[in-house]
Amino acid sequence: MTRHVVVRTGKRVSEEVLKGLAEAGASTAHEADGRRGAVSPDLRPIQAGARIAGSAVTVSCHPGDNLMIHAAVEQVRPGDVVVVTTTSPSTDGMLGDLLATSLRARGAIGVVLDAGVRDVAELREMGFPVWSRAVSTQGTVKASPGSVNVPVVVGGQVVSPGDAIVADDDGVVVIPHERAAAVLAAARARTANEDAKRARLAAGELGLDMYHLRPLLEELGVVYVDEP
Ligand SMILES: O=C([O-])CC(=O)C(=O)O
Ligand SMILES: [Mg+2]
């Protein structure tokens with residue numbers, strides 16, 4: 001018989017690193033980690049403008065059953081992001097404003113859900129951000145065992161408890177716990193570099209010149225044709 005567990009772990013990314021990663025945003029964090037960690041773009045935000053970074057509390061649920069999300073609420077610490085998957089594909093609405101209220105009371109700052117969400121209007125009104133595969137009225141039961149704080153796969157990415165989750169309008173990125181500080185340093189360097197490029201582009205400089213792309217076009221056989 002499969003062993004189901006609720007792991008009580010203290011593994012978290014530091015507040016300071018998470019704050020920096022939230023400022024960097026999901027796309028920059030992804031680039032800074034060598035273009036790794038991008039959760040499938042099928043997981044979309046239900047709101048616009050939310051930008052968060054937190055440590056993952058992971059949840060593995062039976063499809064159509066949100067029992068283990070209730071078990072996970074107790075394991076949440078302030079600043080955490082709850083990351084939920086199901087053991088086979090499901091778009092059922094596993095979480096709505098009630099569970100979100102409970103999660104928020106424990107300090108959760110958002111949810112990433114490889115399944116369905118509901119009560120979307122209420123969640124938007126609460127300002128509680130969710131990224132999910134689907135929006136669905138279909139309800140779930142509380143009947144089947146699962147696990148909390150074990151490695152899970154969400155949108156094609158492995159998420160371990162305590163990994164950094166960065167999520168915004170672009171999508172969701174997972175950064176392994178042990179790389180989070182290094183990724184932040186790389187993200188800061190990247191942001192500074194982009195600031196400099198942005199200023200040059202705003203002044204009218206062409207990417208063709210700034211990135212030295214003219215020789216590449218020539219090498220690739222692209223020719224200019226002048227017409228009157
Ligand atoms: O109660 C549920 O099963 C899911 C839901 O709609 C909520 O959390 O509000
Ligand atoms: Mg509801």
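All residue numbers in this chain count up from 1 along the given sequence. Ligands are counted one by one from 1 in listed order, and the atoms in each one are counted from 1 as well. Since the structure is predicted, the reported quantities are computational estimates derived from the model, not experimental observations.
- A salt bridge is defined here as a Lys NZ or Arg NE, NH1 or NH2 lying under 4.0 Å from an Asp or Glu carboxylate O, and Asp195 with Arg198 meets this definition.
- Side-chain contact, Asp170 with Ser27: a donor N or O sits under 3.5 Å from an acceptor N or O.
- Classification of Glu23 and Lys19 as a salt-bridged pair holds, one side-chain N sitting under 4.0 Å from a carboxylate O.
- A salt bridge (Lys or Arg N to Asp or Glu O under 4.0 Å) check over residues 204-228, counting only residues at least two apart or in different chains, returns the pairs Arg200-Glu205, Asp209-Arg214.
- The main-chain N or O of His30 is never found under 3.5 Å from a side-chain atom of Asp33 such that the two would form a donor-acceptor pair.
- Checking side-chain atoms of Gln157 against main-chain N and O of Ala38 turns up a donor-acceptor pair under 3.5 Å.
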In sequence, state the C-alpha distance, the side-chain angles, and the governing distance for Ile69 and Met94, and then conclude on side chain to side chain contact (heavy atoms under 4.5 Å, CB included). CA-CA 9 Å; Ile69 304 180; Met94 301 184 75; 4.1 Å; yes

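- We find that Arg12 and Asp80 are joined by a salt bridge, their nearest charged nitrogen and carboxylate oxygen being less than 4.0 Å apart.
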Between the protein and ligand 1, which nitrogen or oxygen pairs come in under 3.5 Å, and how far apart is each?
unit_1: ligand 1; atom_1: 3 (O); unit_2: Asn66; atom_2: ND2; d: 3.0
unit_1: ligand 1; atom_1: 6 (O); unit_2: Arg118; atom_2: NE; d: 2.7
unit_1: ligand 1; atom_1: 6 (O); unit_2: Arg118; atom_2: NH2; d: 3.1
unit_1: ligand 1; atom_1: 6 (O); unit_2: Asp119; atom_2: OD2; d: 3.2
unit_1: ligand 1; atom_1: 8 (O); unit_2: Gly96; atom_2: N; d: 3.0
unit_1: ligand 1; atom_1: 8 (O); unit_2: Leu99; atom_2: N; d: 2.9
unit_1: ligand 1; atom_1: 9 (O); unit_2: Asp97; atom_2: N; d: 3.3
unit_1: ligand 1; atom_1: 9 (O); unit_2: Leu98; atom_2: N; d: 2.9
unit_1: ligand 1; atom_1: 9 (O); unit_2: Asp119; atom_2: OD2; d: 2.9

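- Taking the salt bridge (charged side-chain N to carboxylate O under 4.0 Å, His left out) definition, one finds that Arg188 meets it with nothing, sequence neighbours left out.
- Of all protein atoms, those that are N, O or S and lie under 2.8 Å from the Mg ion (ligand 2) total 1.
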